[in-house]
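In this chain, residues are counted from 1 in sequence order. In listed order, ligands and their atoms are each counted from 1.
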Amino acid sequence: MTNEMFKKEAFKKSVKDNVKFLYRKTIEEATQEQIFQAVSYSVKDVIIDNWLATQKAYDEQDPKIVYYMSMEFLMGRALGNNLINLCAYGEVKEALEELGFDLNCIEDQEPDPALGNGGLGRLAACFLDSLATLNYAAYGCGIRYHYGMFKQKIQNGYQIEVPDNWLKNGYPFELRRPEYAKEVHFGGYVRVEYDPEKGGNKFIHEGYQAVKAIPYDMPITGYDNDVVNTLRIWDAEPIVDFELDSFDKGDYKKAVEQENLARNIVEVLYPNDNHYAGKELRLKQQYFFVSASLQAAIAKYKKKHDDIHKLYEKVTFQMNDTHPTVAVAELMRILMDEEGLGWDEAWEVTRKSVAYTNHTIMSEALEKWPIELFSRLLPRVYQIIEEINRRFILEIQAKYPGNYEKIKKMAIIYDGQVKMAHLAIAAGYSVNGVARLHTEILKNQELKDFYEMMPEKFNNKTNGITQRRFLLHANPLLADWITEHIGPDWVTDLPQLKKLAVYADDEKALQEFMNIKFKNKERLAKYILEHNGVEVDPHSIFDVQVKRLHEYKRQLLNILHVIYLYNQIKMHPEMEFYPRTFIFGAKASAGYATAKKIIKLINSVADVVNNDTSINGKIKVVFIENYRVSNAEWIFAAADVSEQISTASKEASGTGNMKFMLNGAPTLGTMDGANVEIVEEVGAENAFIFGLSSDEVINYENNGGYDPNVIYNTDEEIRQVLMQLINGTFSNDTELFRDLYDSLLNTKNTDRADRYFILADFRSYADAQKRVEAAYRDEKGWAKKALLNTACSGKFTSDRTIQEYVDDIWHLDKVIVRKK
Ligand SMILES: *Cc1c(COP(=O)(O)O)cnc(C)c1O
């Protein structure tokens with residue numbers, strides 16, 4: 001069912017008109033970037049009609065709405081995705097061809113709105129796609145960072161961070177909505193006044209600085225259902241007009257402060273992934289978007305409903321990690337101070353309205369704010385948290401009389417700090433982990449005390465990904481092939497892929513499947529040649545690790561193993577060795593020195609290995625610059641092997657693992673996160689599993705770690721690899737990689753040597769890599785494994801994840817959008 005607009009002639013006319021109106025140019029004179037803008041506006045025209053129809057349907061049907069609150073939305077490009085979801089990709093491609101343009105090149109003009117770091121932000125984006133596709137009313141709530149994730153350049157092997165000015169040409173898929181602006185207040189003090197009407201105290205916030213929050217809406221199109229939901233991201237502007245107001249009153253300093261506050265607050269996304277930095281500006285960002293989003297949600301509710309006590313019947317707030325947890329206290333504040341509810345009434349509404357998703361158990365990622373900072377920045381909100389804490393401690397005492405250990409471990413405020421996870425759990429009606437293993441660790445270890453006190457809140461929602469972006473758009477050859485074999489229903493019903501399993505022994509089908517993989521490898525090889533200047537052979541095994549650079553993800557294990565293989569080939573030139581291309585892609589947080597050093601090591605090893613003619617190109621190492629959603633799509637489609645090698649227990653779920661599987665790449669991984677469920681779906685014989693289990697890792701950790709020196713002293717080949725970090729093999733500067741060497745062996749700089757069990761798992765990893773090679777030599781056997789990975793990936797659609805959130809947590813109703 002194609003929109004009239006997408007009839008070729010109408011679409012071509014619309015694009016030509018847009019070029020004329022926007023740029024006063026003819027289509028022949030326009031640049032590719034201008035064509036991108038013009039095409040996007042033509043597509044937006046269609047979307048706007050559906051957007052209006054969706055709002056009308058929501059007005060009429062009054063469904064419960066989920067507000068998905070997240071500091072990050074890693075959306076990826078919108079143009080191609082919108083065309084896919086509007087079922088107009090093919091027609092628009094043809095129309096543009098007739099105008100003399102290649103849709104792929106036009107898509108390539110769009111910046112990635114990189115409003116997220118990695119997995120957590122991409123999860124939020126996949127969830128919005130699934131919510132719209134499944135006909136649920138949803139808003140994404142976030143921040144319109146002017147500079148999102150930095151652009152990564154590699155210079156001399158080092159990561160250089162370049163500002164990502166994604167808004168510089170204007171972003172066509174957003175709509176400024178100044179009529180829905182809200183005010184957000186920071187600092188000041190709270191005056192308490194007796195209110196005779198209420199018969200109680202009134203709390204008045206005074207002396208604050210104010211910022212105006214302006215929403216920008218981005219359309220979220222559902223697949224083939226006319227639904228268009230909204231991602232609402234907030235920008236900040238100063239509230240007073242400098243000259244006219246405060247300047248005249250002589251309050252010059254305050255006016256400047258408010259101006260600066262607004263300018264700073266939405267300037268940049270903090271580039272930390274799975275790491276807490278504790279910066280004041282970060283807390284400002286959190287409160288800013290949470291307060292504005294809650295105010296907007298309540299205003300919308302009140303337009304249709306007059307009883308605020310029943311807010312939770314029509315509205316639910318999902319907090320993506322603890323970043324938006326200040327929502328608990330802000331909702332209490334609005335309900336009490338602005339809506340006039342008493343504490344107990346407000347608490348009743350709040351605890352039925354907010355739910356929390358936990359994304360990590362790593363202590364360095366847990367948000368704790370110093371009381372001093374928190375109470376100074378948000379004095380009224382802090383007062384409320386104190387009271388929530390006081391009452392929560394009474395509950396703990398009632399349940400565990402005299403047990404002060406419990407209070408120490410569970411209190412929301414303790415030891416001078418506000419613990420955001422504790423606040424989220426104490427207040428939320430649901431606490432979920434993001435993969436089965438992760439949720440079990442939460443229940444049995446990290447959050448054991450909370451689980452024992454309130455087991456009914458805890459549940460698991462294994463993450464998922466959208467097949468519309470990561471197969472239908474990313475891998476059109478495979479998508480078409482699948483549709484030819486099992487029909488098109490998999491696009492909205494991914495478990496249908498199971499039907500492909502009947503082709504697992506069909507030689508023709510396997511051949512076609514691997515031919516498609518080969519074409520995708522050629523496409524990636526071309527990208528690598530253009531962007532890295534490195535020639536890679538698409539006949540080699542494409543062994544891929546792309547994800548944020550983090551010690552727990554163990555890119556270091558991967559590159560140390562590459563060094564080990566290189567040594568083996570040099571030592572035994574006659575040895576059978578199937579050519580391999582090791583592909584890395586990873587951004588490191590700008591302040592994470594070890595992570596940046598690992599990037600330098602990967603590039604240094606690449607320099608040596610790629611240029612050593614004595615190994616006949618048997619190993620190539622490629623570091624793909626600026627890993628992001630748009631190049632990720634091509635990388636997944638081209639991968640033979642999916643490296644998911646985190647230290648067991650550290651990766652809560654992972655979602656990259658699912659994208660590889662969907663595209664037919666077997667997992668080489670530890671029993672961590674969702675890998676456990678991937679193996680369960682595809683069968684252990686179609687994956688390559690190695691390493692310590694999460695129980696073993698946790699056991700070591702609880703008993704002071706392990707001693708990597710035993711391995712170093714007894715395993716000569718491992719010792720050689722480590723020595724090469726400091727003997728000039730990969731850098732003339734023998735001190736360059738000393739820190740990495742020390743982190744593995746020396747306890748003097750770190751609290752523990754080899755915190756991430758790299759040496760402990762090395763042999764087991766090398767073994768699994770041998771099994772990969774052997775399996776790949778068996779062409780048919782490998783094709784079968786690859787195909788079965790795709791066939792068994794149905795569980796990992798975010799459509800399934802979202803339906804579970806709806807059934808168990810949110811309880812939303814489906815909305816049907818009908819255009820007249
Ligand atoms: C999926 C995705 C991630 C998450 O990858 P993991 O391997 O799960 O850490 C990060 N960045 C981008 C661009 C992605 O598409």
- Under-4.0 Å salt bridge between Lys153 and Glu625: no
- Quick one: does Lys553 get a heavy atom under 4.0 Å from ligand 1?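 Within the 4.0 Å threshold, so yes.
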Quick one: nearest non-hydrogen protein atom to [atom], plus distance?
{"atom": "atom 5 (O) of ligand 1", "answer": "Gly656 N, 3.7 Å"}
{"atom": "atom 8 (O) of ligand 1", "answer": "Thr655 N, 2.8 Å"}
{"atom": "atom 7 (O) of ligand 1", "answer": "Lys547 NZ, 2.7 Å"}

Ligand-residue contact atoms, ligand 1 with [X], heavy atoms, under 4.0 Å:
{"X": "Gly119", "result": "3 (C), 4 (C), 10 (C)"}
{"X": "Gly654", "result": "8 (O)"}
{"X": "Gly118", "result": "10 (C), 11 (N)"}
{"X": "Val629", "result": "13 (C)"}

cation_pi([X], [Y]) dist<6.0 Å, angle<=45:
{"X": "Arg554", "Y": "Tyr756", "result": "no"}
{"X": "Lys547", "Y": "Tyr627", "result": "no"}
{"X": "Lys659", "Y": "Phe470", "result": "yes"}
{"X": "Lys521", "Y": "Phe542", "result": "yes"}

- Could you tell me whether Phe636 and Phe660 have their ring centroids closer than 6.0 angstrom? yes
[X] N/O to ligand 1 N/O under 3.5 Å:
{"X": "Asn657", "answer": "no"}
{"X": "Arg628", "answer": "no"}
{"X": "Lys659", "answer": "yes"}

- Message: Quick test of your reading of the structure: of Tyr627, Phe470, Phe660, whose heavy atom lies closest to atom 11 (N) of ligand 1?
- Response: Tyr627
- Item | Exam field: side chain Arg800 to backbone Asn463, donor-acceptor pair closer than 3.5 Å | yes
- So among Asp672, Asn460, Asn675, which one has a side-chain contact (heavy atoms from CB on, under 4.5 Å) with Leu437? Asp672
